[in-house]
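Notes for the one structure printed next.
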Amino acid sequence: MLARYNPQEIEPKWQQRWAEDKLYEVSDSDPRPKWYALTMFPYTSGDLHIGHWYAMAPSDVHARFKRMQGYNVLHPMGFDAFGLPAENAAIKRGIHPFTWTMQNVVNMRRQLKSIGAIYDWNREVVTCLPEYYKWTEWFFLKLYKHDLAYRAKAPVNWCPQCQTVLANEQVLEGGFCERCGAGVTHRDLEQWFFRITKYADELMQHDGIDWPERIKIMQRNWVGRSEGTEISFALDHPGVAEKEILVFTTRPDTTFGVTFMVLAPEHPLVAKLTAPEKKAEVEGYIARSRRATEIERLSTEREKDGVFIGAYVVNRLNGEKVPIWIADYVLMSYGTGAVMGVPAHDERDFAFAHRYNLPIRVVVAPSDWDGGELEEAFIGSGVMVNSGQFDGIPSEAGIDAVTDFLAEKGWGKHTTSYRLRDWLISRQRYWGAPIPIIYCEQCGIVPVPEKDLPVLLPEDAEFKPTGESPLKYHQKFVNTTCPKCSAPAKRETDTMDTFMCSSWYFLRYTSSECDTASFEADRVKSWLPVNLYTGGAEHAVMHLLYARFFIKAIRDIGLVDFGEPFTRLFNQGVIIVERQKMSKSRGNVITPDEYVSELGADAVRTYLMFIGPWEQGGEWDDSGISGITRWLNRLWNLVLTGYRRSKDVSPEVRQNAERELSRFTHQTIRRVTDDMERIRFNIMIAALMEFANYLAKVAETGAVSPSAWEEAIDSLLRLLAPTTPHLAEELWQRTGREYSIHNQRWPQWDEELAKEEEITLVVQVNGKLRDRKVVPASITEVEAMQIAAESTRVQPYLEDKKIIKRIYVPGRLVNFVVK
RNA sequence: GCCGAAGUGGCGGAAUGGUAGACGCGGCAGUCUCAAAAACUGUUGGGGGGCAACCCCCAUGUCGGUUCGACUCCGACCUUCGGCACCA
């Protein structure tokens, strides 16, 4: 009696054996070529959900595939452990963020082990441990020293009721505090930034890296480079030192059409320029705009409103007085925080001018223009009019002509502007890596000396529900002495954005036990850059852009010798539940644990890969998982039920059957290998299913020799090993093969053996399918044409018609175009 | 709103300019069984025709275009998903 497939028994057994044998321990000195397969590490949210499995299981399959191909594979795992939810747990449930996080780590590590992946746990990193964040702080000091970190004012969400800073996530739709419901406003704080904009141009380049086109496009749009002109408008206002306001425009050719100027409400000149009688209105408008989110402010659908502040600038090109307005569709963080209003040639300005009855002056004439008023903004090109000495010039040429003229006069210059802003890393929170800076009254900003790192998070911080950053009220933490002059001084109480922790964790995996450096240079040199980085598509822009910036920055500092951290990138799609992204706060989390304990890790791994293209993700639906379980059972029975050769098979039939078996085997190896390389897991599984179905038929007929059968089974098991590591190992052992299958080589295919002998030739008339003919693969064009023309199914469509064209696609079809 | 994707049987999907629906789920019929479950076998896009082997027409979100030929390329629109800088 054949034993039943029992994953509950074999999976723990092999996981234990592999661990005992240290099968997946990675050696740095292994002479084989290296392959670094990195999966984005999970945030320590508490439980591994099915979305995590969707990220981890397929990437493990690919890493195992590379391993069998003969690479020394590093496929590490760790935890992104700082962040907001830990602090929320502290406030809500009175549990310390460290305790909460480490409990989660323990649970998630256990869950991760159930996947049956090749993680080498000796290399695990946990970003909230001092031995890790010491080096996060160290990197901050490096960036600071090389002038890549600076302080500036920036707005934060502020709840006046709770007296606290809120994350965007904590602000409900309509701008209300999630905790108390009060209206959230923005408040400016002095904060730390990294100069990512210094690398804007380089970040737009993705030369030499194999990334999905859509991700590259998103990153380029995020950086948003735009060529234009900075124009100075003359300012002469009593009691104001500034003598100009700068604007950025991509359309200097329309400068003669300026009829107003718009400043961002946050613009520093607004307070100085506002006329006394306008003060109340302006301040009211500013207060309102401080409550709007950036998405709201930039929406092109929202009605543009604004307020005249009662002051003017002068357009130097024509000497005209131009009224200054403020409007919240202008952001302080883009360009110069000021735009010139050219209603005739910009849609937003047109709407704005209409609303407030501002003049609309045409300065670029549309080709069919009658000199009258415009129905809508004309944003195309034409001939310049009403533009002084530039009249008659085509507006495209006018862009340079006006810019050159302005530059000559010292009134402007060609410049490049970016949508990308510098990276704000300050967080007014406890649970993050402290920013290692000390403020001394005498010496100013003083970095913590490297020998004093890490700046430790105090364990006994208070998590008052209405407080600000707990560090701010922790006297022992705040009060220190200046490293330079030893006078009493205060520590920075903000911590770092967690994207900082995740910008270098992949370096740490190479040297996780090293306590004398952030990483060992020779180990990073041999492992990095990462060969294949996989993770959620939700990280397409921010994390991936920050990590690229970080590596470029430390390359220029001289710490690494490469500029791109991830050679190949693959973003899997998002698993959604009830049409929404899975998240604890939405309460729609699907845990894999029950599936794993009931059906086994191999079944869950396989199912997740089978449900569709990995990059697409999709709605979670477990209705098909039984198909995978059935298939694994069939594989078990197929391999373990002894093969019986049929006696009444002629030598000729046997020879044909064996040739066909070998062809199918080699075609399958080719398909599976190709699908693995191209990360097309769903059709890879389908190919394996087809192979297994075919083998079942072969077993039924018994037409091939036992040795031919064994050869096919051998290939099948090797092809299965990455996807179903436990099942493959068990079957490998039960069929008397040498432990471990995971140290075996990936099978090779022979192109000759895989070759088809026959093809189906499709015959079309005017592109419509009319017949199919099975013909030898070696058929010539002349033969194919003849067979096609002679087809009795095709003939009726050719009668009384003239063939005007014959199309032949070798190995595929013949198409007669008739009239 | 802006940026990036996706839309194909009852369902997940396959087909990357050349046979639409591979593979799987579900359904239906059968085998086994006292019965059921499991397992196995067959069948399964819609409509029409034929006793039958089969044949014809329609069909890839909507509308239009390019091409001998379009799920695939181009344009417009609709719907859904991801991101929008403090969730990570």
Side-chain angles (χ1 to χ4, degrees), chain A residues 40-45 80 82-85 88 156-157 165-171 196 212-222 224 293-302 333 419-429 497-499 501-502 536-543 545-546 571 573-574 576 579-581 583-585 607 610-613 615-619 621-628 630-631 633-634 637 680 682-683 685-690 693 760-769 771-772 793 804-807 809 811-818:
Chain A
M40 289 178 189
F41 62 170
Y43 173 69
T44 49
S45 56
D80 186 15
F82 273 138
L84 185 66
N88 283 340
V156 294
N157 298 312
V165 175
L166 299 176
N168 287 344
E169 194 190 45
Q170 297 175 300
V171 181
I196 190 173
E213 205 53 42
R214 62 185 168 128
I215 308 292
K216 292 193 280 188
I217 292 168
M218 274 193 265
Q219 292 205 338
R220 281 200 292 269
N221 290 341
W222 186 265
T293 68
E294 211 161 281
I295 291 173
E296 284 162 0
R297 288 176 61 167
L298 286 173
S299 167
T300 48
E301 204 152 75
R302 185 161 161 262
S333 52
R419 208 185 71 97
L420 180 71
R421 311 201 285 256
D422 274 336
W423 176 10
L424 194 168
I425 58 146
S426 294
R427 298 291 180 269
Q428 296 69 39
R429 304 258 163 69
D497 179 5
T498 55
F499 280 126
C501 310
S502 55
E538 65 270 28
H539 292 294
V541 180
M542 303 185 65
H543 160 60
L545 210 58
Y546 291 141
N571 280 116
V574 180
I576 56 173
R579 309 179 85 183
Q580 281 188 311
K581 199 175 144 188
S583 77
K584 264 199 157 171
S585 53
Y607 182 59
F610 186 63
I611 52 176
E615 67 272 25
Q616 261 167 45
E619 181 80 24
D621 171 11
D622 63 8
S623 66
I625 200 164
S626 59
I628 297 298
R630 277 205 278 267
W631 181 56
N633 267 301
R634 279 204 302 274
N637 294 331
R680 287 150 45 103
N682 57 326
I683 57 173
I685 309 275
L688 287 169
M689 286 175 170
E690 283 178 55
N693 290 346
T760 303
L761 184 74
V762 168
V763 188
Q764 297 181 337
V765 180
N766 287 343
K768 284 209 165 207
L769 176 86
D771 200 5
R772 291 172 242 247
R793 298 223 175 114
I804 55 174
K805 207 168 172 184
R806 291 179 172 83
I807 288 151
V809 182
R812 289 206 176 264
L813 62 71
V814 169
N815 184 15
F816 296 115
V817 184
V818 303

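In what follows, chains carry the letters A, B, and so on, assigned in the order in which the sequence lines appear, proteins first and then strands, with residues in each chain numbered from 1. Bear in mind the structure is a predicted one, so any value in this text is a computation, not a measurement.
- Nucleic acid contact for A/S426: base, since at least one base atom lies under 4.0 Å from a heavy atom of the residue.
- Residue A/F816 is classed as having no contact, given no heavy-atom separation below 4.0 Å to the nucleic acid.
- No contact: A/R297 has no heavy atom under 4.0 Å from any strand.
- At a threshold of 4.5 Å between non-hydrogen side-chain atoms, the residues A/V817 and A/N766 count as touching.
- Nucleic acid contact for A/R812: sugar-phosphate only, since backbone atoms but no base atoms lie under 4.0 Å from a heavy atom of the residue.
- Mapping A/N221 and A/I625 onto RNA chain B by nearest heavy atom places A/N221 at the nucleotide closer to the 5' end.
- Two residues are said to be in side-chain contact when any heavy atoms from C-beta on lie closer than 4.5 Å; A/N221 and A/M218 fail this criterion.
- Note on A/R427: a base of the nucleic acid sits closer than 4.0 angstrom, heavy atoms only.
- Spacing between B/rG4 and B/rA22 at atom P, rounded to whole Å, works out to 34 Å.
- When heavy atoms are screened at a 4.0 angstrom cut-off, A/P613 is found touching the sugar-phosphate backbone but no base atom.
- Relative ring orientation between A/F499 and A/H539 is described as perpendicular, the plane-to-plane angle rising above 60° on a 0-90° scale split at 30° and 60°.
- Under the 4.0 Å criterion applied to side-chain N and carboxylate O atoms, A/R297 and A/E294 are not assigned as salt-bridge partners.
- Taking a heavy-atom distance under 4.0 Å as the criterion, the stretch of RNA chain B touched by chain A extends 5' to 3' from B/rG1 to B/rA88.
- Residue-level contact check: A/I217 touches the backbone only, with heavy atoms under 4.0 Å from sugar-phosphate atoms and none from bases.
- Contact annotation for A/E690: backbone-only contact, meaning every heavy-atom pair under 4.0 Å involves sugar-phosphate atoms and none involves a base.
- For the P atoms, the distance from B/rU72 to B/rC51 is 39 Å, rounded to whole Å.
- Nucleic acid contact for A/R806: none, since no nucleic acid atom lies under 4.0 Å from a heavy atom of the residue.
- No engagement by A/N633 is indicated, since no non-hydrogen atom pair under 4.0 Å with the nucleic acid exists.
- Consecutive Watson-Crick or G-U pairing (both distances under 3.5 Å) extending over three or more pairs maps onto RNA chain B as B:1-7 with B:78-84, B:10-12 with B:23-25, B:26-31 with B:39-44, B:45-49 with B:54-58, B:61-65 with B:73-77.
- Of the inter-residue distances, the one linking A/N157 atom CG with A/Q170 atom CD reads 8.5 Å to the nearest 0.5 angstrom.
- Note on A/H543: nothing from the nucleic acid sits closer than 4.0 angstrom, heavy atoms only.
- Nucleic acid contact class of A/W222 (heavy atoms, under 4.0 Å, all strands): base.
- Using P as the reference atom, B/rG46 and B/rU41 are 23 Å apart when rounded to the nearest Å.
- Taking atom P in both B/rC81 and B/rA29, one finds a spacing of 38 Å when rounded to whole Å.
- Going from the P atom of B/rG61 to that of B/rA70 covers 15 Å, rounded to whole Å.
- Contacts of A/L420 with the nucleic acid, taken as non-hydrogen atoms under 4.0 Å apart, include base atoms.
- For the atom pair CG of A/L424 and CD1 of A/I196, the computed distance is 12.0 Å after rounding to the nearest 0.5 Å.
- Atom name P, nucleotides B/rU16 and B/rC11: the rounded distance is 23 Å, in whole Å.
- A/N815 comes within 4.0 angstrom of a nucleotide base, judged by non-hydrogen atoms across all strands.
- To the nearest 0.5 Å, the span separating CD on A/Q580 from CD on A/E619 amounts to 10.0 Å.
- Here the SG atom belonging to A/C501 is positioned 11.0 Å from the OH atom belonging to A/Y43, to the nearest 0.5 angstrom.
- Summary of the strand contacts: A/S299 and A/Q580 both lie near RNA chain B, and taking for each the nucleotide with the nearest heavy atom, the more 5' one is attributed to A/S299.
- Partners of A/E690 by salt bridge (charged side-chain N to carboxylate O under 4.0 Å, His left out), not counting sequence neighbours, listed by chain and number: A/R671.
- Atom CZ of A/R634 has more than 12 heavy atoms from other residues, nucleotides or ligands within 6.0 Å.
- Taking atom C1' on both B/rU43 and B/rG21, the two are 16 Å apart, rounded to the nearest angstrom.
- For B/rG24, the base is anti relative to its sugar; the glycosidic angle deviates from 0 by more than 90°.
- Annotation for A/R812: atom CZ does not count as buried by contact number, only 12 or fewer foreign heavy atoms lying within 6.0 Å.
- With P as the reference atom, B/rC74 and B/rG18 are 15 Å apart, rounded to whole Å.
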